[in-house]
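Heads up: numbering here begins at 1 and tracks the sequence. Note that the coordinates shown come from a computational prediction; the quantities given were computed from them, not determined experimentally.
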Amino acid sequence: MSVSAKESISFINSIKWLIATFLLWRLALFIVAFTGLSLSIEYPGTYDHNSHWVYFENNYILNGFFRWDADWYDLIAREGYFNGQDERKGNKTAFFPLFPLLSRWLSHVFSSHLIAGLVISNVSLLLALGICYRIGLKFYKEQIVQRSIILILSFPGSFFFSTYYTEGLYFFLTSASLLYYFRDNYLASGCFGFLASLTRPTGVSLIIAMAISSAFQKILGKKTIKPSISFLLLIPLGLLTYMAFLYIYTGNAFIFSTSQVYWGRSFNFPLLSLIQSIKEINFSLPRDMNNTQILVNSFCAFLFLGSGAWMLIKNLKSQENITLPLWVLIGVLFPLSTGSTDSMVRFCSVLFPVFFMLAASLKKEVHYAWLISFFSALQAVYLLGFMNKFWVV
């Protein structure tokens with residue numbers, strides 16, 4: 001059998017494994033949602049907003065995938081940014097346009113922008129996993145890559161990939177941009193990065209990591225800088241396009257940032273934000289939703305920040321490519337610069353290089369199994385909390 005034939009068979013087997021793993025994960029989520037929602041209660045308190053999160057009558061499981069930020073994306077998909085009578089429309093600008101607009105455009109295919117959004121999230125996740133698989137094989141053995149994929153799906157925040165949130169789409173676009181960067185296809189990398197920065201502002205972290213890494217490789221004599229690398233400048237154009245749109249309609253190109261005050265966010269030095277959050281934790285561990293969230297989000301930020309730093313130091317010493325560890329570090333520091341550790345579990349779920357590192361570091365099967373069990377148990381708790389309207393964002 002020729003080498004190309006063997007590679008084709010290996011590729012097909014990888015696709016089959018990815019699809020089977022994805023479907024098993026989705027089945028597990030459904031079982032947790034069905035049984036868990038039947039045996040638990042919704043948050044008994046009240047929140048300062050007017051949404052009841054009822055999008056599908058008499059379908060409590062499906063409604064459970066539309067909580068918190070999903071309400072904002074629903075408003076944008078239905079009304080746009082500056083239409084409608086909703087009293088909160090000034091804060092819609094904090095949510096970037098690609099995901100809600102895609103779900104709106106695809107509503108003609110799926111009869112509902114809500115269903116279209118779920119399809120976008122799940123298909124994007126499956127594509128992202130395939131891309132991560134390809135990236136992983138550049139640096140690790142296939143067994144480690146497969147373990148990494150399972151870690152990604154088991155991670156507590158990974159259920160967001162199947163909700164009416166941007167996580168699945170952002171995961172796909174950033175991983176695609178990185179893959180094509182590694183292949184020196186800078187036009188494709190720039191195009192995917194452009195879309196990523198239209199999905200979330202952190203999309204611009206791609207060009208920062210790529211620029212520093214390319215300069216480092218150039219200094220080492222391991223990379224020749226081609227004129228086509230200028231296509232990477234497409235990446236920040238996504239953010240700039242959205243800012244131009246906001247300036248035209250509001251006169252303030254930075255309103256997407258200043259409106260974060262609504263959620264108690266404002267600029268702070270990232271490490272100071274993490275230290276302040278840790279100081280707020282009550283380590284007597286009372287039965288308190290907010291305290292638990294601060295604890296878990298702070299631990300997650302610390303874990304991913306430390307992992308990114310460790311990978312960067314390791315790659316610098318061995319003079320290897322530093323794009324992925326840089327991207328991880330920026331991906332953690334960027335949200336921490338808003339003065340809060342809120343949502344760090346969700347933000348870190350897309351930083352897939354850390355899962356490569358974890359899978360490669362866990363030499364013993366029992367340690368890997370323990371981490372998978374821990375992640376999965378916490379994800380089940382978080383999923384039910386999210387669906388039951390607890391403060392899980």
Side-chain angles (χ1 to χ4, degrees), residues 13-36 121-122 124-137 139-163 165 167-168 171-172 175 292-293 295-308 310-311 324-325 328 331-332 343-387 392:
N13 289 336
S14 299
I15 295 298
K16 288 180 179 178
W17 182 88
L18 278 169
I19 293 174
T21 303
F22 169 79
L23 292 176
L24 285 173
W25 173 73
R26 289 296 297 120
L27 176 62
L29 280 187
F30 173 79
I31 292 173
V32 169
F34 175 73
T35 57
S121 291
N122 284 279
S124 294
L125 170 60
L126 186 55
L127 293 172
L129 293 175
I131 293 169
C132 286
Y133 204 100
R134 302 300 293 179
I135 293 176
L137 291 176
F139 305 102
Y140 302 96
K141 295 180 179 179
E142 188 166 28
Q143 182 186 22
I144 292 176
V145 175
Q146 290 185 343
R147 286 186 167 197
S148 303
I149 296 298
I150 295 173
L151 281 171
I152 290 172
L153 292 176
S154 303
F155 187 68
S158 70
F159 75 87
F160 282 104
F161 292 136
S162 284
T163 63
Y165 269 58
E167 263 56 40
F171 186 14
F172 163 57
S175 59
T292 301
Q293 281 289 80
L295 173 63
V296 176
N297 282 316
S298 298
F299 174 78
C300 183
F302 183 81
L303 170 66
F304 277 73
L305 197 60
S307 298
W310 184 84
M311 288 189 293
L324 294 180
V328 168
V332 178
S343 305
M344 286 307 302
V345 171
R346 174 163 62 89
F347 294 147
C348 289
S349 62
V350 302
L351 301 178
F352 62 89
V354 171
F355 300 104
F356 289 147
M357 185 273 294
L358 289 173
S361 302
L362 297 170
K363 305 296 184 182
K364 293 185 177 180
E365 193 71 30
V366 63
H367 295 158
Y368 172 73
W370 181 90
L371 186 60
I372 290 292
S373 300
F374 173 72
F375 276 178
S376 299
L378 194 54
Q379 181 180 170
V381 172
Y382 262 53
L383 173 63
L384 291 178
F386 179 82
M387 290 183 143
V392 177

Do [X] and [Y] come close enough that some side-chain heavy atom pair is under 4.5 Å?
| X | Y | result |
| --- | --- | --- |
| Tyr133 | Trp17 | yes |
| Phe299 | Met344 | no |
| Phe352 | Ile135 | yes |
| Leu324 | Phe139 | yes |
| Ile149 | Phe22 | no |
| Trp25 | Ser162 | yes |
| Leu125 | Leu153 | yes |
| His367 | Lys364 | yes |

To the nearest 0.5 angstrom, please state how far the [atom1] atom of [X] sits from the [atom2] atom of [Y].
| X | Y | atom1 | atom2 | answer |
| --- | --- | --- | --- | --- |
| Cys300 | Leu378 | SG | CG | 9.5 Å |
| Phe355 | Ser349 | CZ | OG | 7.0 Å |
| Phe374 | Phe155 | CZ | CZ | 9.5 Å |
| Thr35 | Leu384 | OG1 | CG | 7.0 Å |
| Ser124 | Ile131 | OG | CD1 | 9.5 Å |
| Leu362 | Arg147 | CG | CZ | 7.5 Å |

> Would Phe160 and Phe386 count as a side chain to side chain contact (heavy atoms under 4.5 Å, CB included) if you check the C-alpha gap in whole Å, the side-chain angles of each, and the deciding distance to 0.1 Å?
Replying inline: CA-CA 9 Å; Phe160 282 104; Phe386 179 82; 3.7 Å; yes
>> Determine whether Val296 and Thr292 satisfy the following criterion, side chain to side chain contact (heavy atoms under 4.5 Å, CB included), listing intermediate values before the conclusion.
In response: CA-CA 6 Å; Val296 176; Thr292 301; 4.3 Å; yes
> Just checking, Arg346 and Tyr165: is the charged tip under 6.0 Å from the six-membered ring centre and within 45° of the axis?
Replying inline: no
>> So does Ala359 get a backbone contact from the side chain of Ser148, meaning a donor-acceptor N/O pair under 3.5 Å?
In response: no
>> Apply side-chain hydrogen bond (donor to acceptor under 3.5 Å, both in side chains) to residues Glu142 and Ser14 and explain how you reach the verdict.
In response: CA-CA 9 Å; Glu142 188 166 28; Ser14 299; 3.2 Å; yes
>> Would Tyr368 and Leu151 count as a side chain to side chain contact (heavy atoms under 4.5 Å, CB included) here? Give the steps.
In response: CA-CA 9 Å; Tyr368 172 73; Leu151 281 171; 3.9 Å; yes
> Above 12 or not: heavy atoms from other molecules or residues under 6.0 Å from CZ of Arg134?
Replying inline: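 No.
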> Is the number of heavy atoms from other residues, nucleotides or ligands under 6.0 Å of Phe302 CZ greater than 12?
Replying inline: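 For Phe302, atom CZ is not crowded (no more than 12 foreign heavy atoms under 6.0 Å).
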Of all heavy-atom pairs between [X] and [Y], which one has the smallest distance, and what is that distance?
| X | Y | result |
| --- | --- | --- |
| Ser343 | Asn297 | N-ND2, 3.7 Å |
| Phe304 | Val328 | O-CG1, 3.7 Å |
| Leu383 | Ala33 | CD2-N, 4.5 Å |
| Pro156 | Phe375 | CD-CD2, 3.8 Å |
| Tyr140 | Ala360 | CE2-CB, 3.8 Å |
| Val332 | Cys348 | CG2-SG, 4.4 Å |

> Can you check side-chain hydrogen bond (donor to acceptor under 3.5 Å, both in side chains) on Ser158 and Gln379, steps first, answer last?
Replying inline: CA-CA 7 Å; Ser158 70; Gln379 181 180 170; 3.2 Å; yes
> Stepwise, does the side chain to side chain contact (heavy atoms under 4.5 Å, CB included) test hold for Phe171 with Leu129?
Replying inline: CA-CA 9 Å; Phe171 186 14; Leu129 293 175; 4.2 Å; yes
>> What verdict does the ring-ring contact (aromatic ring centres under 6.0 Å, His included) test give for Phe159 and Tyr382, after you've listed the backbone C-alpha separation in whole Å, the side-chain angles of each residue and the deciding distance to 0.1 Å?
In response: CA-CA 8 Å; Phe159 75 87; Tyr382 262 53; 7.0 Å; no
